[in-house]
Amino acid sequence: QTDADRLQDAIDHDVLHHRLIDIPGGAFIDEGAALLINIEAQLEAQIETQLEANIEEPPAWPEGSTAYDNMVSLTEFGYRQIDSSANENARNWIASELESMGYEVERQSFTTEVCSNCQNIVVTINGTLEDDWRVVGAHHDAICYSPPPLIGFTYPTCTSSGAYDDGTGSGALLELARTFSEWNGTPLHTWKLAWWDYEEWQGSGSPEGGGKGSLHFVEQQIPDNINVTYVNLDMFALNWPVPTPFASQAAGCDEEFWT
């Protein structure tokens, strides 16, 4: 019989003896208590073994090379300034990629004083806690204006592929979405993955600031009594800032040649 069986038999027949037994170190302990301690230790060992058995390697991990490829794909749409065909085509591509992963894509359209066709792309992974969100965001728009010391001046020939700002974040977030789509089960928290439009300030001649896409989400898309933790993916994986744009280019570390 196991210790558990012996204890149950003793309880069933009311013959659990309360006598003292000697244990190492010269102390004494009640026989019933000793039996319970031994059973508790066995149960703890069984639980620990079961927990270890339940810890499985996730079926997928994010791949840096795929995040990089996503970034390159975004640059190929051209200058993704707000209210442009390049911007719209890029966000449609993001939505298409997400749908191919099995997500239901939410397009959150909004307008501002200077943007008549802005749109966030958002997907939701429902968790056990519906009122506790984990939001991870990056912006899919891009901007070009003069570098320091004349910051914020736009001009007709100014263009940017938005590789670093923020193809890095948007590409990495797509790869995170792919990874999550291959994981089974329901997470504890509800997750929102979001690609913001109109995060970039449109320059010194603009009558309004940037951050409009994430502001729309905060003001219009979060119900009352929801706890939100936010992680922002913006401009990373590059040794930036550098002393001057010229130093950056001389070192082969310019936004247009992100590696």
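Owing to the predicted nature of the structure, the values given are computational and were not obtained by experimental measurement.
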Euclidean distance, [Y] [atom2] relative to [X] [atom1], rounded to 0.5 Å:
X      : Y      : atom1 : atom2 : value
Asn87  : Asn117 : CG    : CG    : 7.5 Å
Leu173 : Ile121 : CG    : CD1   : 11.5 Å
Arg80  : His140 : CZ    : NE2   : 9.0 Å
Ser96  : Asn89  : OG    : CG    : 12.0 Å
Ile94  : Leu74  : CD1   : CG    : 5.0 Å
Gln108 : Trp195 : CD    : CH2   : 12.0 Å

4.5 Å side-chain heavy-atom contact, [X] and [Y]:
X      : Y      : answer
Cys158 : Tyr155 : yes
Trp133 : Thr229 : no
Asn70  : Glu175 : yes
Asn120 : Tyr198 : no
Ser214 : Glu199 : yes
Ile143 : Tyr79  : yes
Asp132 : Thr190 : no
Asp83  : Ser116 : yes

Closest approach of [X] and [Y], non-hydrogen atoms and distance?
X      : Y      : value
Ile125 : Pro187 : CG2-CG, 3.9 Å
Lys212 : Gly209 : CE-O, 3.2 Å
Gly169 : Ala138 : C-CB, 3.5 Å
Glu130 : Ile226 : O-CD1, 3.9 Å
Ala177 : Leu98  : CB-CD2, 3.7 Å
Asp197 : Arg91  : OD2-NH1, 3.3 Å

Between the main-chain N or O of [Y] and the side-chain N or O of [X], is there a donor-acceptor pair closer than 3.5 Å?
X      : Y      : answer
Trp61  : Thr179 : no
Ser73  : Asp69  : yes
Arg134 : Val228 : no
Ser161 : Gly78  : no

Parallel, tilted or perpendicular: which one describes the rings of Trp93 and Phe77, with boundaries at 30° and 60°?
tilted
Residue pair Val135, Val231: steps toward the side-chain contact (heavy atoms from CB on, under 4.5 Å) verdict:
CA-CA 6 Å; Val135 181; Val231 178; over 6 Å; no
Starting from the C-alpha separation in whole Å, work towards a yes-or-no answer on side-chain contact (heavy atoms from CB on, under 4.5 Å) for Asp131 and Asn227.
CA-CA 6 Å; Asp131 59 353; Asn227 297 317; 5.5 Å; no
Do [X] and [Y] have side-chain N/O donor and acceptor atoms under 3.5 Å apart?
X      : Y      : answer
Gln81  : Gln202 : yes
Ser109 : Gln119 : yes
Thr124 : Lys192 : yes
Asp165 : His139 : yes
Asn232 : Tyr230 : yes
Asn92  : Arg107 : yes
Glu97  : Tyr103 : no

Pair Glu208-Val114, side-chain contact (heavy atoms from CB on, under 4.5 Å): steps then yes or no:
CA-CA 8 Å; Glu208 58 188 17; Val114 300; 2.9 Å; yes
Look at the side-chain heavy atoms of Ile, Leu, Val, Met, Phe, Trp and Tyr, link any pair under 4.5 Å apart, and say whether [X] and [Y] land in one connected group.
X      : Y      : answer
Trp201 : Ile82  : no
Met101 : Val123 : yes
Trp196 : Leu215 : no
Trp183 : Leu176 : yes

Using the rule given for side-chain contact (heavy atoms from CB on, under 4.5 Å), can you reason through Asn126 versus Trp191, listing the C-alpha separation, both sets of side-chain angles and the distance that settles it, and then say yes or no?
CA-CA 6 Å; Asn126 292 313; Trp191 286 74; over 6 Å; no
For atom CD of Glu182, is the number of surrounding heavy atoms from other residues, nucleotides or ligands below 6.0 Å larger than 12?
yes
